[in-house]
S.K.: 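Below is one structure. I have some questions about it.
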Amino acid sequence: MGGLQILAPSLAHLGGAEREPLHPFSGLPAPSQVGAAPVHRGVGGHHLRRLLGTRALWGGRYPYQRTGQPRGPAEPHRAPRAAPTPRPGPATHPRPHHRRAPGPRPRRLVRRSPEFHRGGLRRAARARRAGSGRLPGLRPAEPGEFTRRAFRRGKLDLTAVEGLGDLIRAETEAQRRQALRQMEGELGRLYQRWSETLTQALAHLEAYIDFSEDDNVEEEVLSQVDATVRELEQEVGAHLQDGRRGELLRGGVHAVIAGPPNVGKSSLLNLLCQRPAAIVSPVAGTTRDVVEVALNVGGYPLVLSDTAGLRDATDPVEQEGVSRARDRLQQADLVLAVLDAAAVPAEPAGLGAALGSLLPPAAPPCILVLNKADLLQGGGGTLRDACTQGDPLPPAALLSCKTGEGLDHLLELLARQLARLCGDPLAGSPSLTQSRHSLHLGDCVTALARYSRERRQDLGLAAEQLRLARRHLGRITGHVGAEDVLDIIFRDFCVGK
């Protein structure tokens with residue numbers, strides 16, 4: 001077996017005896033002679049068998065003996081003990097003997113899915129993938145495979161899975177807090193509570209329909225179902241009317257920089273993102289297409305878009321740019337209206353008229369930016385006072401994109417608006433984060449409203465509306481089943497006892 005021998009300090013401390021060489025492959029004390037019993041000075045045989053197990057577990061051999069070698073005289077082969085004879089009694093079958101037969105211990109096969117973490121070098125990652133692809137039975141995991149397994153085993157619901165995906169893609173602190181709150185299951189528990197309430201109401205209604213003639217269900221059960229449905233309809237409806245705070249925080253607030261040509265819109269974009277993202281030129285009408293940049297302002301995500309100057313253009317290309325700018329204004333969540341501070345009247349009425357010519361009738365929240373403040377005489381004190389008048393003017397900031405004066409005040413106004421639109425992700429009940437949630441909750445509220453109409457005509461149709469509303473709630477979390485209804489019927493009414 002080779003000349004490699006390793007001393008065994010682990011056995012020496014048991015009896016304080018001299019050390020015996022270990023077998024090079026098994027790691028156990030090697031016998032002093034081939035075929036002879038192992039000698040362990042200072043260690044009793046019963047102590048060693050207690051550590052290594054009896055010989056019966058190894059098929060009558062110690063694990064370090066070769067197959068086919070004769071056994072030592074100190075340990076003769078012993079036949080397996082026979083099962084005891086059962087005592088006579090009323091039992092017709094003998095009691096089975098569960099002692100394991102001698103022989104090697106069977107090995108339990110367990111399917112495992114190892115997960116390997118690699119570094120960020122692309123060349124090394126490609127080399128590892130190429131090398132692992134040649135190993136039999138080894139394949140890379142599919143996208144989201146481990147998360148899918150967790151969902152199938154009931155460790156995560158669909159809302160928690162979506163929260164995990166949002167946490168991976170989070171770029172700001174507010175996004176991280178909202179995603180972590182959803183991943184921990186707070187939104188899923190809210191929807192699960194609504195589903196359990198609706199399931200109980202449906203079970204009571206079906207019990208009233210099936211067993212009311214047998215006087216097993218009281219008349220007041222129906223009025224309790226009506227009150228539960230009305231309360232649930234109001235609660236779900238209030239949850240839907242949150243101003244899309246969760247969706248805005250998850251995807252970012254879309255803000256549009258709008259204004260006449262050559263007022264510094266592209267300069268404002270470059271100043272906010274601290275890089276030359278848009279072309280700046282003294283020629284009016286330079287910007288034709290929409291330039292979009294993602295920013296982090298005060299921990300909130302902001303998607304800022306620079307658009308073409310709003311005017312009656314004659315160039316076909318510029319006309320297309322103006323059309324796209326007006327479309328973005330209709331879809332924007334926030335508008336940064338930029339005006340030339342040296343060309344607007346220094347009074348609230350004049351500023352309001354100039355601002356009204358830019359924005360559509362149903363305009364989103366707006367921040368007025370008066371650029372080119374460095375060109376004002378006397379520091380622009382009169383215009384600055386007009387900006388602080390409040391209504392009918394929106395929050396305004398006097399700015400100079402050339403010198404950077406007034407940038408801190410603008411960022412403060414911008415962060416305040418973003419906090420108002422997105423809200424605090426840790427305050428109050430969890431917000432909607434997916435359009436899928438809004439769609440199913442809207443259908444749930446519609447079904448609950450139909451219940452009140454069908455209730456006066458047919459209880460069977462009313463129960464179907466509750467069943468439909470429960471199905472929409474179950475699709476949000478991924479739990480849709482009918483056995484819960486039967487469990488509640490027999491639990492609450494003890495039908496058939």
S.K.: Out of curiosity, L407 CG to L272 CG, how far, rounded to the nearest 0.5 Å?
M.R.: 6.5 Å
S.K.: Once ring pair (Phe, Tyr, Trp, His ring centres under 6.0 Å) is applied, what residue pairs with a partner in residues 454-474 remain, sequence neighbours excluded?
M.R.: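 Residue pairs with at least one partner in residues 454-474: H440-H472.
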S.K.: List for me each residue that meets side-chain contact (heavy atoms from CB on, under 4.5 Å) alongside A150, sequence neighbours excluded, and say none if there are none.
M.R.: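 side-chain contact (heavy atoms from CB on, under 4.5 Å) list for A150, sorted by chain: K155, L156.
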S.K.: Could you go step by step and tell me if R467 and E206 meet the salt bridge (charged side-chain N to carboxylate O under 4.0 Å, His left out) rule?
M.R.: CA-CA 10 Å; R467 197 174 294 111; E206 290 186 354; 2.3 Å; yes
S.K.: Donor-acceptor pair, E247 side chain versus R244 backbone, under 3.5 Å?
M.R.: no
S.K.: How many angstroms lie between CG in L448 and CD in E231, if you round to the nearest 0.5 Å?
M.R.: 12.0 Å
S.K.: Per the side chain to side chain donor-acceptor pair (under 3.5 Å) rule, what does the pair list look like for residues 255-270, sequence neighbours excluded?
M.R.: S266-T287, S266-D306
S.K.: Can you pull the side chain to side chain donor-acceptor pair (under 3.5 Å) pairs that have at least one residue in residues 348-374, sequence neighbours excluded?
M.R.: D374-S400
S.K.: If every non-hydrogen atom of D333 is compared with every non-hydrogen atom of L421, which pair is closest and at what distance?
M.R.: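 In this case the closest contact between D333 and L421 is O-CD1, 3.9 Å.
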S.K.: I'd like to know if the side chain of S195 and the backbone of Y191 have a donor-acceptor N/O pair within less than 3.5 Å.
M.R.: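 No; zero donor-acceptor contacts below 3.5 Å.
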S.K.: For the side chain of R189 and the backbone of E184, is there at least one donor-acceptor N/O pair under 3.5 Å apart?
M.R.: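 Yes; judged by distance alone, with no hydrogens or angles, the pair exists.
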S.K.: With sequence neighbours excluded, give me every ring pair (Phe, Tyr, Trp, His ring centres under 6.0 Å) pair touching residues 321-370.
M.R.: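 Matches after skipping sequence neighbours: none remain.
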S.K.: Rounded to the nearest 0.5 Å, what's the gap from OG on S438 to CG on L432? Could you check?
M.R.: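 If we round to the nearest 0.5 Å, S438:OG and L432:CG are 4.5 Å apart.
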S.K.: Quick one: pull up CG in L232 and OG1 in T197 and give me the separation to the nearest 0.5 Å.
M.R.: 6.5 Å
S.K.: Ignoring hydrogens and angles, tell me if any N or O in the side chain of R436 forms a donor-acceptor pair with the backbone of I476 under 3.5 Å.
M.R.: yes
S.K.: For residues 248-255, run the donor-acceptor check on the side chains, cut-off 3.5 Å, and write out each pair with its distance to 0.1 Å, sequence neighbours left out.
M.R.:
from: R250; atom 1: NE; to: D166; atom 2: OD1; distance (Å): 2.9
from: R250; atom 1: NE; to: D166; atom 2: OD2; distance (Å): 3.2

S.K.: Counting N and O atoms only, with roles assigned by atom type, does the side chain of Q192 sit under 3.5 Å from a partner on the main chain of G188, one being a donor and the other an acceptor?
M.R.: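 No.
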S.K.: Distance alone, cut at 3.5 Å: any donor-acceptor contact between the side chains of Q417 and R420?
M.R.: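 R420 and Q417 do have a side-chain donor-acceptor pair below 3.5 Å.
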S.K.: Does R149 make a cation-pi contact with F146, if we ask for NZ or CZ under 6.0 Å from the ring centre and within 45° of the axis?
M.R.: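 So R149 does make the cation-pi contact.
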S.K.: In terms of side-chain geometry, is the basic nitrogen of E233 or R230 positioned less than 4.0 Å from the acidic oxygen of its partner?
M.R.: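 No, E233 and R230 are not salt-bridged.
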S.K.: Do Q200 and T228 have side-chain N/O donor and acceptor atoms under 3.5 Å apart?
M.R.: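 There is no such pair (donor and acceptor under 3.5 Å, judged by atom type) between the side chains of Q200 and T228.
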S.K.: Between R193 and E196, does a salt bridge (charged side-chain N to carboxylate O under 4.0 Å, His left out) hold up when you go through it step by step?
M.R.: CA-CA 5 Å; R193 179 174 63 84; E196 292 174 356; over 6 Å; no
S.K.: Strictly by modelled atom types, are S305 and R328 linked by a side-chain donor-acceptor pair under 3.5 Å?
M.R.: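 Yes, because at least one side-chain N or O of S305 sits under 3.5 Å from a partner of the opposite role on R328.
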S.K.: Less than 3.5 Å apart, any donor N or O on the side chain of T307 or R324 sitting next to an acceptor on the other?
M.R.: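 T307 vs R324: no donor-acceptor pair found between side chains.
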S.K.: Just by distance, with hydrogens left out, do T433 and Q178 show a side-chain donor and acceptor under 3.5 Å apart?
M.R.: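 No, no side-chain donor-acceptor contact under 3.5 Å.
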S.K.: Distance check, rounded to the nearest 0.5 Å: D315 atom CG versus Q319 atom CD?
M.R.: 7.5 Å
